[in-house]
Amino acid sequence: PTLLADPVDLRALPTGVHVAINIFEGSRRIALLLGSGAAVITTVNAFNTSVYHSASYSLAAPNAPFKKTDGACKGEGKKVHFSYETSRDKSIDVSLCLESMVFTNKNKEEAEPIPYKTDADGTMWGKESQSPEVWAYEKQVEKRFALTEAEEDALIKEASKAWRTQFAVAMGYLVAGLSIFGALVWVIGWIVRGFLGIPNGMDKRPDL
């Protein structure tokens, strides 16, 4: 009979492939992926934040001019809100205070209604803020509200400045967040290396 070559010991054959897993390298890649994702998302959201245009004015009487204010409405005045379209197709949210005025009636009694009408002889009429006359007055005021070109430019510049400030704040929070996240990753790696006896800056013990 023909003899085969030297017999092969099947028990000596490898049963699988051993893959060395580098926990530290994998963790660094995950941390880099998370940090990069957070940076991209935060930057895109901050950049695409809508520019908010707003302005606050007050009106002392029906024939008085509109005056720019800080938004406060004193006394018994009534604050109304409406949207105004500029000549550059920009929408501005207007907050308007209809100021109250002290009236004295025939009995020498004082009241503080909102003036809503002025007669040709200068006589001024006033009513409480929730009266139908004042409601109708609000609609009239909204229709005649107008801004000059210089006022529109100033409001647009203010909104752009506010957007830049908001963007800078978002970037500041991003840098702070990434710094804290990076420090946390380093601390975890330092603790794990301490338990495993691995020197800092290395992924395994020198004797392995």
Side-chain angles (χ1 to χ4, degrees), residues 38-177:
V40 171
I41 293 174
T42 302
T43 303
V44 171
N45 288 338
F47 187 81
N48 291 330
T49 301
S50 299
V51 179
Y52 180 69
H53 300 84
S54 63
S56 297
Y57 286 84
S58 66
L59 187 61
N63 297 328
F66 295 96
K67 292 184 179 180
K68 201 170 188 308
T69 65
D70 59 0
C73 198
K74 301 178 181 179
E76 299 296 326
K78 182 179 183 180
K79 183 171 289 188
V80 297
H81 301 272
F82 56 90
S83 181
Y84 173 79
E85 294 294 328
T86 69
S87 58
R88 297 170 177 78
D89 295 328
K90 299 289 186 181
S91 180
I92 296 179
D93 292 327
V94 179
S95 174
L96 176 64
C97 176
L98 300 179
E99 297 181 11
S100 59
M101 182 178 293
V102 177
F103 284 80
T104 304
N105 59 21
K106 297 179 180 180
N107 298 325
K108 304 299 182 180
E109 297 174 344
E110 289 188 352
E112 197 173 347
I114 294 176
Y116 68 90
K117 184 176 69 171
T118 304
D119 291 341
D121 60 359
T123 302
M124 194 172 296
W125 299 76
K127 284 280 188 177
E128 60 274 9
S129 61
Q130 301 301 323
S131 65
E133 291 85 354
V134 173
W135 283 103
Y137 175 56
E138 290 180 24
K139 299 301 179 182
Q140 297 172 8
V141 169
E142 182 178 342
K143 289 180 180 179
R144 77 178 182 89
F145 181 83
L147 297 176
T148 65
E149 185 174 345
E151 289 173 328
E152 290 182 2
D153 289 339
L155 288 174
I156 293 173
K157 288 180 180 179
E158 288 178 7
S160 298
K161 182 179 178 180
W163 180 88
R164 289 193 296 270
T165 301
Q166 185 176 357
F167 184 82
V169 170
M171 293 300 99
Y173 279 120
L174 174 61
V175 172

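Heavy-atom basis, side chains included; hydrogens, waters and symmetry copies ignored. All figures in this text were calculated on a predicted structure; none of them were measured in a lab. Numbers here simply count residues along the sequence, with the first being 1.
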Asks: I would like to know whether Leu155 and Leu147 meet side chain to side chain contact (heavy atoms under 4.5 Å, CB included); could you show each step before the answer?
Replies: CA-CA 10 Å; Leu155 288 174; Leu147 297 176; 3.5 Å; yes
Asks: Would you find more than 12 non-hydrogen atoms of other residues, nucleotides or ligands less than 6.0 Å from Trp163 atom CH2?
Replies: yes
Asks: Nearest 0.5 Å please: distance from the CG atom of Leu98 over to the NZ atom of Lys79.
Replies: 11.0 Å
Asks: How far apart are the closest heavy atoms of Gln130 and Trp135, and which atoms are they?
Replies: O-NE1, 3.2 Å
Asks: Check Glu138 with Lys78, please: is the shortest side-chain N to carboxylate O separation under 4.0 Å?
Replies: yes
Asks: Do side-chain atoms of Asp119 reach the backbone of Asp121 as a donor and acceptor pair under 3.5 angstrom?
Replies: no
Asks: If you compare all heavy atoms of Pro65 against all heavy atoms of Leu59, which two are closest, and at what distance to 0.1 Å?
Replies: O-CD1, 3.8 Å
Asks: With a 4.5 Å heavy-atom cut-off, do Ile156 and Ile92 have their side chains touching?
Replies: no
Asks: To the nearest 0.5 Å, tell me how far Phe82 CZ sits from Glu142 CD.
Replies: 5.5 Å
Asks: What distance separates Arg144 CZ from Lys139 NZ, expressed to the nearest 0.5 Å?
Replies: 15.5 Å
Asks: Quick one: closest heavy-atom pair of Pro115 and Ala61, and the distance?
Replies: CG-CA, 4.3 Å
Asks: Side chains of Tyr57 and Lys67: does their closest heavy-atom pair fall under 4.5 Å?
Replies: no
Asks: State, yes or no, whether a side-chain contact exists between Leu174 and Thr43 at a heavy-atom distance under 4.5 Å.
Replies: yes
Asks: Quick check for you: to the nearest 0.5 Å, what is the distance between Gln166 atom CD and Lys161 atom NZ?
Replies: 14.5 Å
Asks: Looking at Phe47, I'd like to know if its CZ atom is crowded, meaning that more than 12 non-hydrogen atoms belonging to other residues, nucleotides or ligands lie closer than 6.0 Å.
Replies: no
Asks: Check whether any side-chain heavy atom of Phe66 sits under 4.5 Å from a side-chain heavy atom of Ser58, and report yes or no.
Replies: no
Asks: Using every non-hydrogen atom in the two residues, find where Glu151 and Ala146 come nearest and quote the distance to one decimal.
Replies: OE1-O, 4.3 Å
Asks: Tell me, with the steps shown, if Ser83 and Ser91 meet side-chain hydrogen bond (donor to acceptor under 3.5 Å, both in side chains).
Replies: CA-CA 6 Å; Ser83 181; Ser91 180; 2.9 Å; yes
Asks: So which atom in Pro62 and which in Tyr116 form the shortest heavy-atom distance, rounded to 0.1 Å?
Replies: CG-C, 3.5 Å
Asks: For Glu152, which residues count as a salt bridge (Lys or Arg N to Asp or Glu O under 4.0 Å) partner, sequence neighbours excluded?
Replies: Arg88
Asks: To the nearest 0.5 Å, what is the distance between OG on Ser54 and CD on Glu158?
Replies: 8.0 Å
Asks: Any non-hydrogen side-chain atom of Thr42 less than 4.5 Å from a side-chain atom of Tyr173?
Replies: no
Asks: Decide yes or no for Met101 and Pro113: does some side-chain heavy atom of the first lie under 4.5 Å from some side-chain heavy atom of the second?
Replies: no
Asks: Considering non-hydrogen atoms only, spot the tightest contact between Ser129 and Ile114 and give its length.
Replies: CB-CD1, 3.8 Å
